[in-house]
**Student:** 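Have a look at this one.
Convention: sequence-line order gives letters A, B, ...; per-chain numbering from 1. Remember, it's a predicted structure, so these values are computed and weren't measured experimentally.
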Amino acid sequence: MIALSSTFKISLRALRVNKMRSALTMLGIIIGVSAVIIMLAVGKGASDRISKQISSIGSNLIMVLPGSTTSGGMRMGSGTQQTLTQDDADAILKECPAVWDVSPFVRGAAQVVFGNQNWSTSVIGTTPSNLNIRDWAVSSGRNLSDQDIRGATKVCVLGQTVAENLFDGRDPIGQVVRIKKVPFLVVGILEAKGQSMMGQDQDDTVLIPITTAQKKIIGRFFPGTVQTIMVKTRTAEDLPRAERQVNDLLRQRHHIGPKADDDFTVRNLTQMLQVAEQATNVMALLLGAIASVSLLVGGIGIMNIMLVSVTERTREIGIRMAVGAKTWDIRLQFIIEALTLSMIGGVAGIVIGYVGSKVLSSIAGWSTIVSPLSIVLAFGFSGLVGIFFGFYPAYKASLLNPIDALRYE
Amino acid sequence: MELIEVENLSKIYDLGGSVVRALDGINCSVNKGEFVAIMGHSGSGKSTFMNLLGCLDEPTSGRYLLEGVNIGNLTRDELAAIRNDKIGFVFQGFNLLPRTSALENVELPMLYRSVAPRERRELAMAGLKAIGLEGWEHHHPNQLSGGQQQRVAIARALVNGAPLILADEPTGNLDSKTSVEIMEIFVKLNREQHITIVLVTHEPDIAAYSKRVIRFQDGHIISDERRAA
């Protein structure tokens, strides 16, 4: 049997003889591979962005919002009615087995002042569990405590943006800031969290005990009512069950008849995003599948050229057979030739695909991620294409009758 | 000692209804060290006979023993191994690989029997030198004269140490002076290395170099003459 290195040399020489033809044949594979790489990169970029959004709002999350009011036949937006209470939140935690943790909150805009600095930010009155629910933590100091809630103490935890704007590098902990002229002691600083899926700066916030907020800061609420209740489950699988349980419990607590509409809304944010993520994944796969069709077409180009090459070199095949080339020596020669074409095309396609997706993300502003898997996939696939489409011409060549091949003009 | 033994060998082509008996029941044997010329008009069956002897084609019926091995029972790959091992071909049209140096053409048979690259190179160099082509190793066939190309082909035929050389009108494309040179190489190989040579020709002065002349006509052997060299 002929050594592989010799076969490889023979193949390279044969490809060099017809440079233009080899290059054009490779072009088919190059386009196919780079299209696969780019499409997968675009898809991966999109789904990655969505999963980042999921983790930034916190995972396994359900939002319970109050219902809308109707004024003169016109329905106002969700949350215009104040139907959710602290007691509802406590009841959800106690009575819904699928629920792991709850955090009610009220939110309002307020001016926060420290010394001669001031900053307008979103003040959130909430419970200590808020951080657990949003997969958040303090970077220094401490979180709000249950004592803070019970005692309606005037303490606050600052988001990174607020801390930077008011304190400009100094340590805010132990300092007193004024929120709507009420002095609050800074007890903690939150970790940086970045933008939300809507593009809001989530670090531009101040957390204070919900009780304090209701009494002193965000006065438009009836005592005991909350704006939103965040509900968290342990796993994503618990989400639909928790959604149902919360729904049933609140209908019961709010004495809503079987036919009447809910006076609240339960929104499964994580699930919505997961659906979006799945859709993007399907989209990415679809794009990849379409791109791989062009890879297939490139493969057929290889087969075409290899068939031509076998016919052109019939005499060469005859000579090789006459001096002792066996069936597999001939097959291997042509398979390796096809494989060389497709592999060189594959490598070039990977490079072009990689560069192309970088260019795409800088020009179109799409986030693209070229995953190592897609490179391995594209490379492996182009190799398979070479072997698959090289085999038939090689097989044909190997079946030639030596004397017919030698006499071929 | 018989190198070639042929019994009742036939080759029949079916050309769309008309049956052509290219070879019709040939019996003959060739001993080791013989120098045989096969003569006949075109269509006499001499080339078909050569192709069968060279294991390039399969007979319709009959037996062919090469060094006592029945060729009829062998697979394609076993035939390839026999060609590689026992037979060296010299063709009228040289049949060298184009765009490939003389050296690599001579290396070709060794490529298919896994000789190490360095040894391959050394053997091919020695073969070219022995045939008087030292210094032409890296020329491609289209840079060589007809006589030189045929020498490369002879070097290729010899490089695996085959006991049998089959030459199909080796001087057909050469001028008379070069033909003499090539024939002298064959005579020398036969005399000094005792290589069996079977040569097809239709020129009597080429056949005159041999020790035995077999004449073909219409698929039959019509004469088989030996003469003292």
Side-chain angles (χ1 to χ4, degrees), chain A residues 1-22 305 308-337 340 394-409, chain B residues 11 13 22 47-48 50-58 74-101 104-117 120-121 140-141 153 155-160 162 166 168:
Chain A
M1 190 79 149
I2 186 167
L4 275 181
S5 59
S6 310
T7 318
F8 188 66
K9 255 167 75 182
I10 294 169
S11 305
L12 276 187
R13 179 189 317 216
L15 295 179
R16 265 208 309 272
V17 169
N18 285 304
K19 284 195 196 69
M20 187 66 177
R21 195 163 82 182
S22 305
I305 284 306
V308 171
S309 173
V310 165
T311 311
E312 274 182 357
R313 281 148 69 197
T314 302
R315 216 181 155 84
E316 175 193 324
I317 295 165
I319 295 171
R320 290 182 184 278
M321 284 176 165
V323 302
K326 297 191 173 79
T327 313
W328 271 101
D329 292 327
I330 299 291
R331 275 184 204 169
L332 226 52
Q333 181 184 335
F334 285 95
I335 289 174
I336 286 185
E337 205 170 306
T340 309
Y395 177 77
K396 223 184 129 193
S398 73
L399 287 190
L400 285 170
N401 195 10
I403 192 65
D404 294 337
L406 268 176
R407 281 193 186 141
Y408 185 86
E409 294 296 331
Chain B
K11 179 75 185 178
Y13 294 104
S47 287
T48 307
M50 281 297 268
N51 294 336
L52 291 180
L53 288 189
C55 304
L56 292 169
D57 207 356
E58 284 169 40
L74 301 182
T75 63
R76 266 179 91 88
D77 283 354
E78 283 167 336
L79 288 177
I82 295 260
R83 287 195 296 268
N84 186 267
D85 223 32
K86 309 230 178 282
I87 305 171
F89 291 96
V90 179
F91 300 96
Q92 179 178 3
F94 318 129
N95 275 339
L96 299 176
L97 290 184
R99 296 177 291 271
T100 306
S101 70
E104 284 170 299
N105 263 294
V106 177
E107 283 185 29
L108 194 63
M110 293 185 279
L111 214 61
Y112 296 111
R113 59 188 309 170
S114 305
V115 178
R120 217 154 66 197
R121 186 122 305 197
H140 289 190
R156 182 179 69 188
L158 292 170
V159 77
N160 274 356
L166 297 177
D168 192 354

**Student:** Considering only heavy atoms, which portion of B:Leu96 lies under 4.5 Å from any heavy atom of chain A: side chain, backbone, both, or neither?
**Tutor:**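 For B:Leu96, the contact with chain A is made by the backbone alone.
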**Student:** Flag the pair B:Met110 / A:Ser6 as yes when at least one side-chain heavy-atom distance between them is below 4.5 Å, and no otherwise.
**Tutor:**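 No, every pair of side-chain atoms sits at 4.5 Å or beyond.
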**Student:** What option among B:Thr100, B:Asp85, B:Asn95 has the most heavy-atom pairs under 4.5 Å with chain A?
**Tutor:**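 Of the candidates given, the most pairs with chain A belong to B:Asn95.
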**Student:** Can you list everything that forms a side-chain hydrogen bond (donor to acceptor under 3.5 Å, both in side chains) with B:Glu78? Sequence neighbours excluded, please.
**Tutor:**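 Counting only residues at least two positions away or on another chain, B:Glu78 forms a side-chain hydrogen bond (donor to acceptor under 3.5 Å, both in side chains) with B:Thr75.
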**Student:** Side chains of B:Asn51 and A:Arg407: does their closest heavy-atom pair fall under 4.5 Å?
**Tutor:**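 Yes, close enough: below the 4.5 Å cut-off.
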**Student:** Can you tell if the side chain of B:Arg83 reaches within under 4.5 Å of the side chain of A:Pro402, non-hydrogen atoms only?
**Tutor:**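 Yes, side chains in contact.
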**Student:** Which atom names give the shortest non-hydrogen contact between A:Ala325 and B:Ala80, and what distance separates them?
**Tutor:** O-CB, 3.6 Å
**Student:** Looking only at heavy atoms, which of residues 311-322 of chain A get nearer than 4.5 Å to chain B?
**Tutor:** A:Arg315, A:Glu316, A:Ile319, A:Arg320, A:Met321, A:Ala322
**Student:** Any salt bridge (Lys or Arg N to Asp or Glu O under 4.0 Å) pairs touching residues 6-15 of chain A, not counting sequence neighbours?
**Tutor:**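 Sorted pair list: A:Arg13-B:Glu104.
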**Student:** Quick one: side-chain hydrogen bond (donor to acceptor under 3.5 Å, both in side chains) partners of A:Thr340, sequence neighbours excluded?
**Tutor:**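 So A:Thr340 forms no side-chain hydrogen bond (donor to acceptor under 3.5 Å, both in side chains) with any residue.
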**Student:** Report the distance from atom CD1 of A:Ile403 to atom SG of B:Cys55, rounding to the nearest 0.5 Å.
**Tutor:** 11.5 Å
**Student:** Using non-hydrogen atoms and a 4.5 Å limit, figure out which bit of B:Arg99 sits close to chain A: side chain, backbone, both or neither.
**Tutor:** both
**Student:** Sort out for me which of A:Val323, A:Asp404, A:Asn401, A:Ile10 touches chain B most, counting heavy-atom pairs under 4.5 Å.
**Tutor:** A:Val323
**Student:** Just checking B:Gln92: does its CD atom have more than 12 heavy atoms from other residues, nucleotides or ligands closer to it than 6.0 angstrom?
**Tutor:**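 Yes.
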**Student:** Could you tell me whether a side-chain N or O of B:Asp77 sits under 3.5 Å from a main-chain N or O of A:Thr327, the two making a donor and an acceptor?
**Tutor:**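 Here the side-chain-to-backbone pair exists.
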